[in-house]
Amino acid sequence: MAETAHVDGFVRDNLPPPEEWPELLFTLPELRYPARLNCGVELLDRRVAEGDGERPCLRSPETSWSYGETLSRVNRIARLLTEEMGVVPGNRVLLHGPNTPWLAACWLAVMRAGAVAVTTMPLLRAGELEKVVRKAEIRHALCDARLAAEVEGCRGRVPSLSRIVYFATEAADGLEARIARKTDDFTPCPTAADDPALLAFTSGTTGVPKACVHFHRDVLAMCDSFARHILRGEPEDLFSGSPPLGFTFGLGGLLCFPLRIGASTLLLEQGSPPRLAEAIERYRVRCLFTAPTAYRALLGLSDTHDLGSLRRCVSAGEALPKPTWEAFREATGIRLIDGIGATEMIHIFISAADDEIRPGATGRPVPGYVATVLDDNLEECPPGVPGRLAVKGPTGCRYLADPRQRDYVQRGWNITGDTYVRDEDGYFFFRARSDDMIVSAGYNIAGPEVEVALLGHPAVAECGVVGAPDPERGQIVKAFVVLAPGYRPGSELARELQDHVKATIAPYKYPRAVVFLPELPKTATGKLQRYRLRELAREEA
Ligand code: 3UK
């Protein structure tokens, strides 16, 4: 290993002790990187050096920057960081804004400067930013001026966050004005392959958020495992989608994957399904990254929008219900690529594409990764027996100074907290988040399985199924349902949905309670918050 280039050793000093790291595997030659490696250089300079300088790189509805133009801007921003803001290698830099070419350029500049990017969800409020800034000991920030109110609110609570420059502004002290005065060359920091490149905060449901440390080599590993072997993008592809760059699903799919292969990315500030559908039609998007519920919503928009340009569509973040996969195939001819990823692993580690897909299964371990299912004693479960999903590969969990490291990594395995079953052919089937299992009258019932059954009924647009406290059965299965347009809530429809579930899966799993809601509670990354439904169920009981 090469010596670190970090002058500020804060992140390295707060890594978990080596014995608590997951076992790392570098089985494929493409995942063995040189000891000195700066992922920003690999994603940008290498493309320009190999002749992609004139090709489109970062796009938005307003602009399109070639690889050469992007590199020039990134160099100027790196100069601003190091010459005027006082950033030294290893410092954390807060990046905050909706997905735009400027935000992406700032991320690449942080890589070049050898600093550590901490990109946050654009919806975070001052109090949530404060937790991140304190945990990561952040003094520097590049932020979208439109989110200045929350960032200034955060600065008020943590004055050490003192060096903030805003972009997306015409102000004289804004980023655009300041970099206009800089030359467009910059010598990138010669980081070690295992120097930290980013801190990714988990969208944890309770308590202090956890910060996952990922190295320069990890950024490339997500490109050279899932993207290279399963996604198989092409240089002509235009990538787009909804996940924020602060979510590693978005960082990979909307920035690193396209740049690794000289393709281009369309960054959208608003990734709601109607906006996605418009953008796909207008810009002829070919590779799409979004969540299962968004694919379901896109189905309803496929009559009015031309989605014919789509070639590769990745679904992650939550389980992809088989009815959604089938309906999408029916409407568009496209076989959705499901993949389970995690912030701790940086990106997707079980997936399948094309003829390898078995609808209803997440897939098989992505090349470079191995996975299994373990029981509570960490012994391997045989095929067919559900247990705890465990995975190893070139990337893995390293929480910054957090005792929860010992929960996620056990005996060298990353334990994701999901209950899975594998079959004889090595395919992995999602059951539930381990804490979302419902125990009713002694039966184990996976909430998501009931959700899939409900989604098979045309009246159901979205739903969430949880356990509600019950004096007799311990818990009962309770469904929260958002109705599709044109359906009216009522006891008659509730009964119809219950009968539909009984006819689809084992009758004991049917929801004894059905509640209609106008919308479901979601996280900033768009995931259903089942714990909030459980709270609702407790209150109602
Ligand atoms: C769940 C899935 C079933 C699962 C993520 C792709 O979601 C990502 O990271 P998070 O840290 O959450 C991880 C957890 O989300 N999950 C994700 N994908 C699937 N469950 N099927 C799926 N396809 O509970 C997992 O443990 O927010 C996804 C790439 C990068 C990511 N960070």
Side-chain angles (χ1 to χ4, degrees), residues 119 121 198-205 209-212 214 218-219 221-223 225-227 230-231 241-257 289-295 313-322 324-325 336-353 357-366 369 371 373 388-391 393 395-397 399 404 407-408 413-421 427-437 446-449 451-452 522-531:
T119 318
M121 304 294 169
L198 60 112
L199 293 177
F201 278 81
T202 60
S203 49
T205 50
K210 293 167 274 193
C212 303
H214 293 298
D218 300 329
V219 173
M222 67 174 160
C223 304
S225 54
F226 170 74
I230 309 287
L231 177 66
S242 63
L245 296 180
F247 183 22
T248 58
F249 181 37
L251 179 69
L254 304 182
L255 182 57
C256 301
F257 297 172
F289 288 75
T290 191
T293 49
Y295 284 109
C313 295
V314 178
S315 168
E318 290 186 294
L320 174 64
K322 198 169 161 185
T324 304
W325 190 93
L336 293 178
I337 301 173
D338 190 6
I340 177 171
T343 307
E344 287 83 354
M345 303 302 296
I346 201 167
H347 218 276
I348 291 173
F349 49 86
I350 293 177
S351 183
I357 294 174
R358 304 245 176 118
T362 312
R364 286 189 291 199
V366 165
Y369 290 85
V373 175
R388 308 202 284 166
L389 179 63
V391 54
T395 61
C397 177
Y399 290 135
R404 290 170 285 187
D407 301 330
Y408 204 94
W413 290 100
N414 297 278
I415 314 276
T416 65
D418 298 287
T419 301
Y420 260 79
V421 195
Y427 278 83
F428 285 74
F429 295 77
F430 175 80
R431 279 289 172 88
R433 286 288 305 168
S434 302
D435 40 21
D436 287 339
M437 291 297 285
E449 189 188 354
E451 290 163 13
V452 170
K522 301 267 177 76
T523 65
T525 53
K527 286 186 218 256
L528 176 61
Q529 291 173 307
R530 289 198 183 72
Y531 78 98

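The residues of the chain are indexed from 1 along the displayed sequence. Order of listing sets the numbers, starting from 1, for every ligand and every atom in it.
Under a 3.5 Å cut-off, the side chain of T324 and the backbone N or O of L320 do not form any donor-acceptor pair. At least one donor-acceptor pair under 3.5 Å links the side chain of K527 to the backbone N or O of G317. Under the 3.5 Å distance criterion, the side-chain polar atoms of T290 are left unmatched by any main-chain donor or acceptor of G241.
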Report every pair formed by an N or O atom of ligand 1 and a protein N or O atom separated by less than 3.5 Å, giving atom names and the distance to 0.1 Å.
unit_1, atom_1, unit_2, atom_2, d
ligand 1, 7 (O), K527, NZ, 2.7
ligand 1, 9 (O), T343, N, 3.3
ligand 1, 11 (O), T343, N, 2.9
ligand 1, 11 (O), T343, OG1, 2.6
ligand 1, 12 (O), K527, NZ, 3.0
ligand 1, 15 (O), G317, O, 3.4
ligand 1, 15 (O), K527, NZ, 3.0
ligand 1, 16 (N), G317, O, 3.3
ligand 1, 18 (N), G317, N, 3.0
ligand 1, 23 (N), D338, OD1, 2.8
ligand 1, 23 (N), G339, O, 2.7
ligand 1, 24 (O), D418, OD1, 2.4
ligand 1, 24 (O), D418, OD2, 3.3
ligand 1, 24 (O), R433, NH1, 3.0
ligand 1, 26 (O), D418, OD2, 2.6
ligand 1, 26 (O), R433, NH1, 2.9
ligand 1, 27 (O), K527, NZ, 3.1
ligand 1, 32 (N), T248, OG1, 2.9
ligand 1, 32 (N), T343, N, 3.2

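The shortest distance between side-chain heavy atoms of F257 and F226 falls below 4.5 Å.
For the pair R404 and E344, the salt-bridge criterion is not met [side-chain N within less than 4.0 Å of a carboxylate O].
Ring geometry for H347 versus F249: interplanar angle of 30 to 60°, hence tilted.
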